[in-house]
Amino acid sequence: MLGVSKQTLLRHFGSKDGLLEASAGRGLARVADERASAPPDDIDGAVENLLDHYEARGDQGLKLAAIHGGGAIAEFGQRARQLHYDWIDHAFGAWIERTDEPERTRAALIAICDVHTWQLLARDLGLDRAEVHRTLTMMIRRVLEEDA
């Protein structure tokens with residue numbers, strides 16, 4: 001332990017939810033900064049950014065996604081999902097708007113780029129990074145009706 005009492009933590013953060021909020025806020029800000037470095041309108045660059053993120057933080061994200069609850073936990077989960085949705089808009093927004101079905105296209109990209117898809121490809125199927133990259137890129141290009 002850090003030599004800090006529970007009472008000191010509660011006094012500083014106000015509650016367990018306050019402590020969770022402060023910790024989650026810092027974590028989400030760090031993730032947002034990392035993911036914001038993805039170049040817009042560059043599928044390969046976006047997938048590289050995504051894989052860098054999932055290789056560094058994917059297991060943590062999967063564990064957090066498995067936690068269910070209300071209050072601050074539910075709020076954290078919603079903020080994390082929104083961060084992912086915003087990244088999709090950042091990375092692929094120009095393409096999404098040019099499609100015949102932008103909402104369906106956006107939904108498909110959200111699913112393709114989800115941490116669970118990475119888990120399936122990299123962990124369950126045992127694909128190496130290059131093959132995960134090729135597979136994600138192929139799916140994204142097909143959804144965006146790009147030449148694969």
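Side chains included, hydrogens not; waters and symmetry mates left out as well; all remaining heavy atoms used.
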Inset, instruction - Taking all non-hydrogen atoms of both residues into account, name the closest pair between Asn49 and Ser37 and its distance. - result: ND2-OG, 3.1 Å
Legend entry - Crowding at CZ, Arg129 (>12 non-hydrogen neighbours, <6.0 Å): yes
Legend entry - Closest contact, heavy atoms only, Asp42 versus Gly45: OD1-N, 2.9 Å
Inset, instruction - Indicate yes or no: at least one non-hydrogen side-chain atom of Leu109 is less than 4.5 angstrom from one of Leu144. - result: yes
Inset, instruction - Scan for ring-ring contact (aromatic ring centres under 6.0 Å, His included) pairs involving residues 28-53, sequence neighbours excluded, and state none if there are none. - result: none
Inset, instruction - State whether the side chain of Tyr54 and the backbone N or O of Ala122 hold a donor-acceptor pair below 3.5 Å, judged by distance alone. - result: no
Inset, instruction - Return yes if a side-chain donor-acceptor contact under 3.5 Å exists between Gln78 and Arg81, otherwise no. - result: yes
Legend entry - Nearest-0.5 Å distance that lies between atom CG in Leu83 and atom NE2 in His90: 11.0 Å
Inset, instruction - Please collect all salt bridge (Lys or Arg N to Asp or Glu O under 4.0 Å) contacts where either partner lies in residues 57-69, sequence neighbours excluded, each pair once. - result: Glu34-Arg57, Asp59-Arg123
Legend entry - Parallel, tilted or perpendicular: ring planes of Phe92 versus Trp95, cut at 30 and 60 degrees: tilted
Inset, instruction - Mind checking the CD1-CD1 spacing from Ile88 to Ile112? Nearest 0.5 Å is all I need. - result: 8.5 Å
Inset, instruction - Taking only Lys NZ, Arg NE, NH1 and NH2, and the carboxylate oxygens of Asp or Glu, determine whether Asp86 and Arg79 approach each other closer than 4.0 Å. - result: no
Inset, instruction - Give a yes or no on whether Asp100 atom CG has more than 12 heavy-atom contacts from other residues, nucleotides or ligands under 6.0 Å away. - result: no
Inset, instruction - Would you please name every residue forming a salt bridge (Lys or Arg N to Asp or Glu O under 4.0 Å) with Asp89, sequence neighbours left out? - result: Arg106
Legend entry - Distance-only donor-acceptor check, side chains His84 and Arg35, under 3.5 Å: yes
Inset, instruction - Please check if the side chain of Thr137 supplies one atom and the backbone of Ile43 the other of a donor-acceptor pair under 3.5 Å. - result: no
Legend entry - Approximate separation, where rounding is to 0.5 Å, of Met138 CE and Glu131 CD: 8.5 Å
Legend entry - Where Cys113 and Ile140 come nearest, the two heavy atoms and their spacing: SG-CD1, 3.9 Å
Inset, instruction - With side chain to side chain contact (heavy atoms under 4.5 Å, CB included) as the test, would you mind laying out the steps for Asp44 and Arg141 before giving the verdict? - result: CA-CA 10 Å; Asp44 288 321; Arg141 287 186 189 284; 3.6 Å; yes
Legend entry - Reported CD-to-CG distance for the pair Gln119 and Leu62, which is rounded to 0.5 angstrom: 4.5 Å
Legend entry - Interatomic spacing from CD in Glu48 to CG in Leu136 - rounded to 0.5 Å: 10.5 Å
Inset, instruction - First locate atom CH2 of Trp118, then atom CG of Leu50, and finally report the distance between them rounded to the nearest 0.5 Å. - result: 10.0 Å
Inset, instruction - Looking only at non-hydrogen atoms, find the nearest pair between Trp87 and Ala38 and report the distance. - result: NE1-CB, 3.4 Å
